[in-house]
Amino acid sequence: MKVRMDHYQANPNVYQAMSRLERQVTESGFDRVLYELIKIRASQINGCAYCLDMHTTELRQLGDSEQRIALVSVWRESPCYTEREKAVLELTEAVTRIAEGGVPQPVYDRVRGFFSEKETMDLIFAINVINCWNRIAITTGMFPGCRDEGKEA
């Protein structure tokens, strides 16, 4: 496999702008495990193998269980997620698939039951950032391991 282009090299300014968006989320005090769950679920929906590989690895490094990592795609039927996490995963799905039905009021209300207005905005921002990264990785043809030493870019 070969990536279509190295977006890091092709337009460093755009990459730096995306990196600043990512930092905005991580520096907001956002829960890292929750953020990785968001990244995994959005990447599953979008079909981004590169990001899915990266974020499942990061969640493992944070010490989360293999069961929780494996069951993200079926979170509704999995008792290993808290109601808070389920609300976030539901919002992640709605925002990622926004063209299919928007964000229903009950989904928004569930999230607001756990998060303040500012925290809800942080969630929305986090979901949008990973969706943007997914679209960059998919469009440029990134795949797991493509940035490893010795791989073509």
Side-chain angles (χ1 to χ4, degrees), residues 1-5 7-8 15 18-19 21-148 151 153:
M1 294 182 84
K2 184 176 177 182
V3 297
R4 293 176 177 155
M5 76 170 73
H7 66 279
Y8 303 97
Y15 175 73
M18 276 301 302
S19 294
L21 292 174
E22 180 74 30
R23 273 193 310 279
Q24 181 68 38
V25 174
T26 58
E27 292 174 0
S28 72
F30 205 78
D31 179 282
R32 284 289 314 274
V33 169
L34 200 54
Y35 193 24
E36 294 306 323
L37 289 172
I38 289 168
K39 290 175 179 182
I40 290 167
R41 187 63 191 124
S43 298
Q44 289 171 333
I45 292 166
N46 290 323
C48 185
Y50 178 81
C51 293
L52 188 55
D53 180 62
M54 177 191 307
H55 299 299
T56 55
T57 298
E58 288 183 15
L59 194 52
R60 277 184 198 92
Q61 290 171 348
L62 290 172
D64 217 341
S65 73
E66 285 299 319
Q67 181 185 40
R68 283 172 44 90
I69 294 167
L71 296 176
V72 173
S73 66
V74 290
W75 62 266
R76 283 178 179 83
E77 298 83 24
S78 304
C80 59
Y81 303 101
T82 67
E83 290 304 311
R84 181 176 181 262
E85 290 169 332
K86 287 180 177 186
V88 169
L89 289 167
E90 187 174 27
L91 181 65
T92 300
E93 290 181 358
V95 173
T96 301
R97 296 178 171 141
I98 202 155
E100 295 174 18
V103 177
Q105 191 65 43
V107 172
Y108 179 81
D109 291 343
R110 262 189 295 286
V111 167
R112 285 306 312 274
F114 294 101
F115 298 92
S116 70
E117 193 169 81
K118 184 228 181 267
E119 292 167 331
T120 300
M121 195 61 232
D122 288 342
L123 284 171
I124 294 166
F125 196 75
I127 295 164
N128 279 283
V129 169
I130 187 56
N131 273 281
C132 191
W133 282 123
N134 287 166
R135 282 152 176 75
I136 291 168
I138 292 167
T139 304
T140 60
M142 296 178 78
F143 56 90
C146 69
R147 305 226 11 110
D148 296 346
K151 296 272 183 167

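For clarity, every value in this text was computed on a predicted model and none was experimentally measured.
Within the 4.5 Å cutoff, the side chain of Tyr108 has heavy atoms near those of the Thr120 side chain. Residues Ile136 and Cys132 form a side-chain contact, since some pair of their non-hydrogen atoms from C-beta on lies under 4.5 Å apart. Side-chain contact between His55 and Ile130 is present, with at least one heavy-atom pair separated by less than 4.5 Å. Side-chain contact between Gln67 and Ser78: absent, with no pair of heavy atoms (C-beta onward) separated by less than 4.5 Å. Between Val72 and Tyr81, the closest side-chain pair of non-hydrogen atoms falls below 4.5 Å. Side-chain contact between Tyr50 and Arg147: present, with at least one pair of heavy atoms (C-beta onward) separated by less than 4.5 Å.
With a 6.0 Å radius and a threshold of 12 heavy atoms from other residues, nucleotides or ligands, Glu66 has its CD atom above the threshold.
Taking both residues in full, the closest heavy atoms of Glu77 and Pro79 are given as O-CD, 3.7 Å, listed atom of the first, atom of the second, then distance. The two residues Ala49 and Pro144 come nearest to each other via the heavy atoms O-CG, 3.5 Å. For the residue pair Phe30 and Val25, the shortest heavy atom distance occurs at CB-O, 3.6 Å. In terms of heavy-atom proximity, Arg4 sits nearest to Ile138 at NH1-O, 4.1 Å.
Interatomic distance, CE of Met142 versus CE of Met1, reported as 11.5 Å (0.5 Å rounding). Taken from OG1 in Thr56 to CG in Leu37, the straight-line distance is 11.5 Å, to the nearest 0.5 Å. Going from atom CD1 of Ile45 over to atom CG of Leu52 covers 11.0 Å, rounded to the nearest 0.5 Å. The line from SG of Cys48 to CZ of Arg135 is 10.0 Å long, rounded to the nearest 0.5 Å. We find the CG-CD1 distance between Asp53 and Ile40 to be 10.5 Å, quoted to the nearest 0.5 Å. To the nearest 0.5 Å, atoms CZ (Arg110) and CD (Gln105) are separated by 10.5 Å.
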Would you sort out whether Leu34 and Arg84 count as a side chain to side chain contact (heavy atoms under 4.5 Å, CB included), showing the intermediate values?
CA-CA 9 Å; Leu34 200 54; Arg84 181 176 181 262; 3.8 Å; yes

Chi angles and distances behind the side chain to side chain contact (heavy atoms under 4.5 Å, CB included) call for Phe114, Glu119:
CA-CA 9 Å; Phe114 294 101; Glu119 292 167 331; over 6 Å; no

Could you give me the CA-CA distance, side-chain angles and deciding distance for Cys80 and Leu71, then say whether side chain to side chain contact (heavy atoms under 4.5 Å, CB included) is met?
CA-CA 9 Å; Cys80 59; Leu71 296 176; 4.2 Å; yes

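Salt bridge Glu36/Arg68: absent, no basic N to carboxylate O contact under 4.0 Å. In this structure, Glu90 does not pair ionically with Lys86, as no charged nitrogen and carboxylate oxygen lie closer than 4.0 Å.
In this view, Tyr8 and Tyr15 satisfy the ring pair (Phe, Tyr, Trp, His ring centres under 6.0 Å) rule, not counting sequence neighbours.
The closest side-chain donor-acceptor pair between Tyr35 and Glu58, if any, does not fall under 3.5 angstrom.
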Please table the atom pairs, donor to acceptor, closer than 3.5 Å between any side-chain atom in residues 91-103 and protein atoms at least two apart or in another chain.
unit_1: Thr92; atom_1: OG1; unit_2: Val88; atom_2: O; d: 2.8
unit_1: Glu93; atom_1: OE1; unit_2: Arg76; atom_2: NH1; d: 2.9
unit_1: Glu93; atom_1: OE1; unit_2: Arg76; atom_2: NH2; d: 3.0
unit_1: Glu93; atom_1: OE2; unit_2: Arg41; atom_2: NE; d: 2.8
unit_1: Glu93; atom_1: OE2; unit_2: Arg41; atom_2: NH2; d: 3.2
unit_1: Glu93; atom_1: OE2; unit_2: Trp75; atom_2: NE1; d: 2.7
unit_1: Thr96; atom_1: OG1; unit_2: Thr92; atom_2: O; d: 2.7
unit_1: Thr96; atom_1: OG1; unit_2: Asn131; atom_2: ND2; d: 3.0

